[in-house]
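Basis for what follows: all heavy atoms, side chains included, without hydrogens, waters or symmetry-related copies. Order of the sequence lines fixes the chain letters, A, B, ..., with proteins taken first and strands second; residue numbering starts at 1 for each chain.
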Amino acid sequence: VTWDITGMGAIANIGGSPRAIFDALCTGEESVSPLRAFPADKYRGGYAYEIDDRARPGRDEPLRATRWLLDAIGQALAGAGLGEDLTDVPVLVGTTLREQRSAELWWREGTPLDPADLDFLPALRTRFGARDAWTFANACSASLYALAMGADMLELGMADTVVVAGSDSLTESAFGTLDRVQNDIPRALRPFDTSHKGMLMGEGAVAVVLSRGGETATGTPEARLRSVSANCDARHATAPDPEGITRAVHDAHRRAGVGAGDIDLVMCHGSGTPRNDETEAGVLADVFAGRATGPLMTAVKSMTGHTLGGSGLLSLVMAVLALREGAVPPVCGLTEPIPAAAGLRLVRGSAAAAPGLRLAQVNAFGLGGINAVAVVEAS
Amino acid sequence: MTGTWDGRRAVTVTGAGLAVTGLAAPADLLGPPPAGGGFDPATGLKGRDLRNLDRASRLGVRAAAPALADAGLLDEDGRYTGEATRTAVVVSSNLGTLDMACSFSDTIARDTVTGLSPLGLPQTSSNVVAGWVAIRHGLRGPNLTVCNGATGGLDALFWARNLIAADRASTVVVVGAEPSGEAVTALLGTPVTDAAAAVVLESAATAAARGARPRAGLAGYARAAGLPQAAGKVRGLLPAPSGCGLWLGGPGDAGVPAGTPRLDLQERLGPLSGALGVLQCAAALAHLDGSGAGPVLLTAGGAGHEAAAAVLLNRSNPGKDTP
């Protein structure tokens, strides 16, 4: 069984649509910028991948994650040729931090906060009339987890179409704690490069329209979703576990009815922490060990930063464009791969021309050891 | 949106546990507080095993263990005896990380980030409770956190059921956890009780295979703009028009027949937010375990909220087969 991806939307630091983000990724130009959201003197590091859209520079404002979410869903609906009435269409949103930035601003600066706005339901109802909406706080695998839950709804016959999305904005508590725990302070997010020093947060939202295929589909879908796996390491609260990640990859392949030999492209989680990069590279090397030539690989966080809950689905949307365009963006800043990644075909320098790609694997791993892996197919 | 739990994909409730200030066991939700005083957060949330855990996670862990024990899924050393990779965790919590976010912001403003504890990293993410529950018992199936406002607890039951129906899991520990705290009290404008509940859902086949007693069957879930619509949809799943033995919910009109016994847990315990639906499920299980009449209607949300949700539990038989 496959599901049609009929519309896509996204916003990130480097662009306000999937196409703009993909084009920017293909340039491979550095995109990190000095921290704007919070007073830099309170932090050890001073860089992030923010969306620069505040009305007054240097003054943060509430409900930015909500604003981007609505934007991304609007784009996806337009792309799918659907109207904006989601009264009878389920909406599943994955996020790490919800609107906790709005809560911080309420607590610190007294801006208003309705408890209901902590998730995205009021905004989704106001803009789209959505009633069957759920917010899943599943850390950095949240939007792929939401995609799994959405695909299950189609499989169980509960809906013919679902909207799946993700959104996150920087929070002081998360940005600050991350800044506190990383031994070295990264100047940029450098997945799989020996210079990698850790993760830097980004911001953004992403959405797709997922529909039952077959007769109800109109036109050619953007791509087809083959599977999404979802599991938990149940081992460590913050460190990734190769066993859990390997299980998630194999389960995604099994559900899709494909083997490791069929995968043409891997969108890595690639968060730029030495721990993630070594673990993920090791797992990928093992999974694809039997192949003479492994799949092409890339990691979009090298230019978008870690967009947290939406990052998995953003990788998936970029995979769809890569399959369609026959081009794979490079891992920005990758010059000297870590030993564990030495045998992987990570795209470097400039976009790789790659016609005829058919199947992409998309990785997303989150705090709490929660893993989700999707397989998507060119239409 | 209406989800029905039909014969082929029947889901049963096989265990429940609580960590609620002043209560000892799910049956206490139905009657007077226990003579012994019940759960006391001052002592109950302490212990070596809870070191470095945030308050919501402590509550969640303290509710999950008795639920698994009640379901007969822990051995005498407290080890999980079910199939770990087929066991999922679903948590509902809206306010669990609020006090952390606010206090961390205070610390940064006062002391810069150097004042933060590196051990706080897991609790910056809203899925922290689900992670700790999974780690505690080695539960390696899907791990989902629902932050969905007033209906979140009932929504968590729905997603747990879907994980079983889609064959991603055969057993699911569903936890609702909402801690007390300064910021929570300020946001809601009223003091909040430390409250967590957990229930164990299993596919009927899995429960039967291990000889577990099916104590309640989940018959359906509905979500709608208003309470009467949501309640009407799940009551429509009953084989014949009939009343409910108990309605756990309110205030407000859910369109149930006059005279239906009603129990509003929030009237007694204060705001329960995302924990409500799971506490209701634990209460329903206790009701059906006793001599209580079924079916039991659970409702949350409605007037003043974004939506309403309803769940229907039967004594043990699943709902009717509905396409």
Keeping the roles fixed (side chain from B:Asn127, backbone from A:Leu367), state whether a donor-acceptor pair exists under 3.5 Å.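 Yes, because the side chain of B:Asn127 sits within donor-acceptor range (under 3.5 Å) of the backbone of A:Leu367.
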
Going by the rule salt bridge (charged side-chain N to carboxylate O under 4.0 Å, His left out), which residues pair with B:Arg58 if we only count those two or more places apart in sequence or in a different chain?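 Result, salt bridge (charged side-chain N to carboxylate O under 4.0 Å, His left out) vs B:Arg58: none returned.
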
Check each atom of [X] against the heavy atoms of chain A and say whether the ones under 4.5 Å are side chain, backbone, both or neither.
X: B:Leu139; value: backbone
X: B:Ala186; value: both
X: B:Ala130; value: neither
X: B:His305; value: backbone
X: B:Asp167; value: backbone

If a pair satisfies ring pair (Phe, Tyr, Trp, His ring centres under 6.0 Å) and one of its residues is in residues 126-150 of chain A, list it, with sequence neighbours excluded.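 Pairs touching residues 126-150 of chain A that pass the test: A:Trp134-B:Phe158, A:Trp134-B:Trp159, A:Phe136-B:Trp159.
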
Consider only side-chain N and O atoms of A:Arg98 and B:Ser126, and report whether a donor and an acceptor are under 3.5 Å apart. yes

Contact check, side chains of B:Leu98 and A:Gln100, non-hydrogen atoms, under 4.5 Å: no

Minimum side-chain heavy-atom gap A:Leu113-B:Leu187 below 4.5 Å: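 When only atoms from C-beta onward are counted, B:Leu187 and A:Leu113 do touch, with a gap below 4.5 Å.
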
Considering heavy atoms only, which positions within residues 115-122 of chain A lie below 4.5 Å of chain B?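 Residues in range: A:Pro115, A:Ala116, A:Leu118, A:Asp119, A:Leu121, A:Pro122.
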
A:Lys42 and B:Ile108 have their tightest heavy-atom pair at CD-O, 3.4 Å

Among residues 113-120 of chain B, which ones touch chain A with a heavy-atom distance under 4.5 Å? B:Val113, B:Thr114, B:Leu116, B:Ser117, B:Pro118, B:Gly120

